[in-house]
Amino acid sequence: MLGHRTLNVDDYLGILKRRGWMIAIPAVLLTLVGFALTFIVPPRYVSQTLILVEQQKVPDDYVRPVVVEDITARLASMKEQILSRSRLQPIIERFNLYSTKKMQMDERIEETRKNIDIKPIHSEMARTGGLPGFFISFQDSDPHTAQMVCGEIASLFVTANLNARAQTVEGTTEFLKSQLADAKRSLDDQDSKLAAFQAKYLGQLPGDESQNMNMLTSMNTQLDASTQALSRMEQDRTYIQAMISQQQSMAPASGEHGAAAPGAQQIELQNLQNEESDLTRRYTDDYPDVVAVRRKIKDLRAQIAAAPAPAASASSGTVSSAPNRNDTPAVQQLRAQLRALDQGIQSKRHEQGVISSQVRMYQARISSSPGVLEQYKTLTRDYQTAQAFYDDLLKKMNQSKMATDLEKRQQGEQFSVMDQPNLPDTPVFPKRGVFVGAGFMAGLILGVLFVAWREYRDTAMRSERDIWAFTKLPTLAVISFSGAIPEIPVAARRRWGWLKRKETFQADKPLANAGGSSNV
């Protein structure tokens, strides 16, 4: 009567009472089938091991690790390598995996990959979110095979990690060596250029400006002093020449014409010049005495120039310093002084030329300093860049060498097998409880669906509500089924329970049939 009217609890209980066996039988049968399947389906055993990632034993402050790639990425890379055909085929051939299923090698490799499970774990102590370890498990129908294959795969991971880290640090060291050699060549080249530049522009480099200025000032002072000394020596030479001329002019006069007056003007001029020299050493040019002496010298020279020309050698002013046998002792002495003055004047002029040359040199250095400074900055910048790059590479090279030695001593990060693969004693598939429960639930669902279908097809009216649902008329009376029930012996009732149920079923027969097929 499903779908003809709304059912209540009594209706459901009545259906369950009439057709409960239709639900119980499939439930029991499928439960038994599920239980039987646990003995038919091949079992699957899983062997598992735990591998921990041990951190570097030497603090990072002392030896910086070369391999800084995330462990999760490295694990994924190693997983792809280990699950490759070249790694799995030897394992399959060694342990003769899936040989009974008549599978090709590609199928056996794919089946092996499916049965390998790598599951990372995250420790609570690893606050950085790193990967402190991972599980490796292998599933097979034989527990011993599962254990051995799991151990082999774990060994491959440990070995692959050591090899990968060793190759990484050695490759890094070799790369740094080549880079360091190139950097050294570049640094040597820059060093040579800088040395050649410093040799070429010695004294014009940055930092020499103040020294050049001081030297230029000193050279100018020396040049002034030399000029003054040369001027005085020339004056002395003129005076001595005058004295020689005077002595030579006096000698014939005293010998031929008797006493004659000396050149008083020349002597006075020489005395005035000596006085001027003495005053200029102590006073400035504006000092009154200096001005007065110079005025007297000027006037006296004017008088000498206005006087008649003296005789021959004295008037020419080219008195020779060479000795003459006719010279008197006084003249010889004056000639000796004249020779000394000539040598001193020549030395002073040479000194003056040298100082002038140095003055020009320092002036050139000072004027060329900006251009030299610009070139020097460019060279030093390139040199400092090359030096910094070389120092950085050298530091990294030393760190890489220490990291390589650390890896060789197995003091760096490495995989450690914490638990050896276990030998499973119970299969993980099939689960007997799951199969039995699934069979029972499937039987229940199948029985319920069968009962629902039967009830939907059943048109029998068994209550006043059924009659009202079909006729929409009130029921005056209900006439129960009056068929005779055969007498069953008491002993038989006790012995055969189904007879008792049959008796009960007779009482649940419908009042009428609305035109359906059975149960009328």
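Note that this is a predicted model, so its numbers are computed, not measured. Index from 1, following the sequence.
Ion pairing of Asp189 with Lys193 is present here, as a side-chain N (NZ or NE/NH1/NH2) and a carboxylate O approach within less than 4.0 Å. In summary, Asp458 and Arg19 engage in a salt bridge, as defined by a charged side-chain N under 4.0 Å from a carboxylate O. For the pair Glu351 and Lys348, the salt-bridge criterion is met [side-chain N within less than 4.0 Å of a carboxylate O]. The pair Lys184-Asp188 meets the salt-bridge criterion, with a side-chain N (NZ, NE, NH1 or NH2) lying under 4.0 Å from an Asp/Glu carboxylate O. Ion pairing between a basic and an acidic side chain is recognised when a charged N comes within 4.0 Å of a carboxylate O; Asp11 and Arg465 show such pairing. One finds no salt bridge joining Asp391 and Lys395 here, because no Lys/Arg side-chain nitrogen approaches an Asp/Glu carboxylate oxygen to under 4.0 Å. Note on Glu111 versus Arg108: no salt bridge recorded, every NZ/NE/NH1/NH2 to OD/OE distance being 4.0 Å or above.
Summarising the local packing, CE of Met103 is surrounded by more than 12 heavy atoms from other residues, nucleotides or ligands at distances under 6.0 Å. More than 12 non-hydrogen atoms from other residues, nucleotides or ligands lie less than 6.0 angstrom from CE of Met105. When the shell of 6.0 Å around CZ of Phe440 is examined, it contains 12 or fewer heavy atoms from other residues, nucleotides or ligands. For Gln346, the CD atom sits in a loose shell: 12 or fewer heavy atoms of surrounding residues, nucleotides or ligands are nearer than 6.0 Å.
Once rounded to the nearest 0.5 Å, the distance linking CD of Gln211 with CD1 of Ile366 reads 11.0 Å. For the atom pair Arg18 CZ and Arg454 CZ, the distance stands at 11.0 Å (nearest 0.5 Å). The distance from atom CG of Leu83 to atom CD1 of Ile118, rounded to the nearest 0.5 Å, is 5.5 Å. The OH atom of Tyr390 sits 9.0 Å away from atom CG of Leu393, with the distance rounded to the nearest 0.5 Å. To the nearest 0.5 Å, the span separating CG on Asn220 from OG on Ser356 amounts to 9.0 Å. Atom CD of Glu110 is separated from atom CD of Gln104 by 14.0 Å, given to the nearest 0.5 angstrom.
Geometrically, Arg432 engages Phe39 in a cation-pi contact, judged by NZ or CZ lying under 6.0 Å from the ring centre and within 45° of the ring axis.
Residues Asn422 and Gln48 come closest through the heavy atom pair OD1-N, 2.7 Å. Between Cys150 and Thr49, the shortest heavy-atom distance links the atoms SG-CG2, 3.8 Å. Counting all heavy atoms, side chain and backbone alike, Thr38 lies closest to Lys431 at CG2-O, 4.4 Å. Heavy atoms only, all atoms of each residue included: Ser47 and Gln147 are closest at OG-CA, 3.3 Å.
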*Mind running side chain to side chain contact (heavy atoms under 4.5 Å, CB included) on Lys396 and Leu180 for me, showing each step along the way?*
CA-CA 10 Å; Lys396 291 179 179 178; Leu180 188 63; over 6 Å; no
*So Thr378 and Phe197, side chain to side chain contact (heavy atoms under 4.5 Å, CB included) or not? Walk me through it.*
CA-CA 11 Å; Thr378 303; Phe197 184 84; over 6 Å; no
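Side chains of Ser369 and Glu209: a donor-acceptor N/O pair is absent below 3.5 angstrom, by distance only.
With sequence neighbours excluded, the residues satisfying ring-ring contact (aromatic ring centres under 6.0 Å, His included) with Phe415 are Phe134.
In this structure the side chain of Phe95 never reaches within 4.5 angstrom of the side chain of Thr112, judged on heavy atoms.
Contacts classified as side chain to side chain donor-acceptor pair (under 3.5 Å) and involving residues 166-177 (residues at least two apart or in different chains) are given here: Thr173-Ser400, Thr173-Thr404.
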